[in-house]
Amino acid sequence: MAGVVRIRAEILERMADEARRHPDIECCGLLGGHDGLISVIFPARNALASARAFEIAPADLFRLFREIRAAGLELLGIYHSHPSGKNEPSARDIECSYYPEAAFFIVSVQPGEPKPIRAFSISDGSVSELTIEPI
């Protein structure tokens with residue numbers, strides 16, 4: 001994955017809106033697109049209903065993958081929020097990052113956060129921040 005992730009600006013706004021609507025738990029979901037441009041958001045339910053972790057239930061995950069394929073898209077990203085803390089990957093985020101080809105977005109709703117949405121490449125325990133290029 002290159003150091004830049006291209007995403008429609010409205011998808012960034014929808015991720016931020018979802019995080020604000022769910023201030024007590026980590027919101028989460030998948031991001032689809034094609035030709036390296038994220039253009040569709042697929043919100044999911046956090047099966048853990050936790051403010052410190054997220055998990056998409058297997059049945060929901062399979063359903064979302066089917067929706068992505070049916071729309072002729074590919075998985076380009078995964079997102080979740082950190083309701084109370086920095087928007088950088090936690091140890092659990094790194095350990096549970098099973099899709100290294102996907103950009104890993106973390107949304108913060110903390111007031112004054114200089115970068116409310118950050119994206120990362122996570123592969124084999126290695127983390128590097130990606131530059132978000134809104135389109």
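Side-chain atoms are counted along with the backbone in the values below, which use heavy atoms only and exclude waters and symmetry mates.
Note that CD1 of Ile38 and CG of Leu31 are 5.0 Å apart. Values are rounded to the nearest 0.5 Å. Note that CZ of Arg6 and CG of Leu76 are 10.0 Å apart. Values are rounded to the nearest 0.5 Å. Atoms CD and CZ, on Glu74 and Arg69 in that order, are 12.5 Å from each other to the nearest 0.5 Å. Between the CD1 atom of Ile78 and the OG atom of Ser97 there is a distance of 6.5 Å, given to the nearest 0.5 Å.
You'll find the ring centres of Phe65 and Tyr99 inside the 6.0 Å limit. Residues Phe104 and His80 place their aromatic rings such that the two centres sit under 6.0 Å apart.
Other residues sharing a hydrophobic cluster with Ile135 under the 4.5 Å side-chain heavy-atom criterion for ILVMFWY residues are Leu37.
Between Ser84 and Arg52, some side-chain heavy-atom pair lies under the 4.5 Å cut-off. Met15 is listed as a side-chain neighbour of Phe105, based on a closest heavy-atom distance under 4.5 Å. Pro89 places a side-chain heavy atom less than 4.5 Å from the side chain of Ile122. Residues Pro23 and Val109 fail the side-chain proximity criterion, which asks for heavy atoms closer than 4.5 Å. Two residues are said to be in side-chain contact when any heavy atoms from C-beta on lie closer than 4.5 Å; Ser90 and Glu95 fail this criterion.
The two residues Leu48 and Phe54 have their closest heavy-atom pair at CD1-C, 3.8 Å. Residue Ala19 comes nearest to Val107 through the heavy atom pair CB-CG1, 3.7 Å, listed as atom of the first residue, atom of the second, then distance. Closest approach of Ala51 and Pro83 over heavy atoms only: O-CD, 3.5 Å. Between Phe42 and Ile68, the closest heavy-atom pair is CE1-CG1, 3.5 Å. Here the closest heavy-atom approach between residue Pro43 and residue Tyr79 is recorded as CA-OH, 3.2 Å. His82 and Glu88 make their closest contact through CE1-O, 3.0 Å (heavy atoms, listed as atom of the first residue, atom of the second, distance).
A search for salt bridge (charged side-chain N to carboxylate O under 4.0 Å, His left out) contacts involving Arg21 returns nothing, not counting sequence neighbours. Residues satisfying the side-chain hydrogen bond (donor to acceptor under 3.5 Å, both in side chains) criterion with Lys115, sequence neighbours excluded, are Glu129.
The backbone N or O of Ile25 sits nowhere less than 3.5 Å from a side-chain atom of Asn46 that would complete a donor-acceptor pair. For Asn87 (side chain) and Pro116 (main-chain N/O), a donor-acceptor pair under 3.5 Å exists by modelled atom type.
Under a 4.0 Å N-O distance rule, the pair Glu13/Arg20 qualifies as a salt bridge. Ion pairing of Arg14 with Glu10 is absent here, as no side-chain N (NZ or NE/NH1/NH2) approaches a carboxylate O to less than 4.0 Å.
Crowding of Arg63 atom CZ: a count of heavy atoms from other residues, nucleotides or ligands under 6.0 Å exceeding 12.
Of the candidates Ile11, Ile132, Ile7, Ile106, Ile117 forms a side chain to side chain contact (heavy atoms under 4.5 Å, CB included) with just one, namely Ile132. Of the listed residues (Glu18, His22, Glu26), just one forms a side chain to side chain contact (heavy atoms under 4.5 Å, CB included) with Ser81, and that residue is Glu26.
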Take Leu61 and Leu30 through the test side chain to side chain contact (heavy atoms under 4.5 Å, CB included) and record every step on the way to the result.
CA-CA 9 Å; Leu61 192 59; Leu30 304 181; 4.0 Å; yes
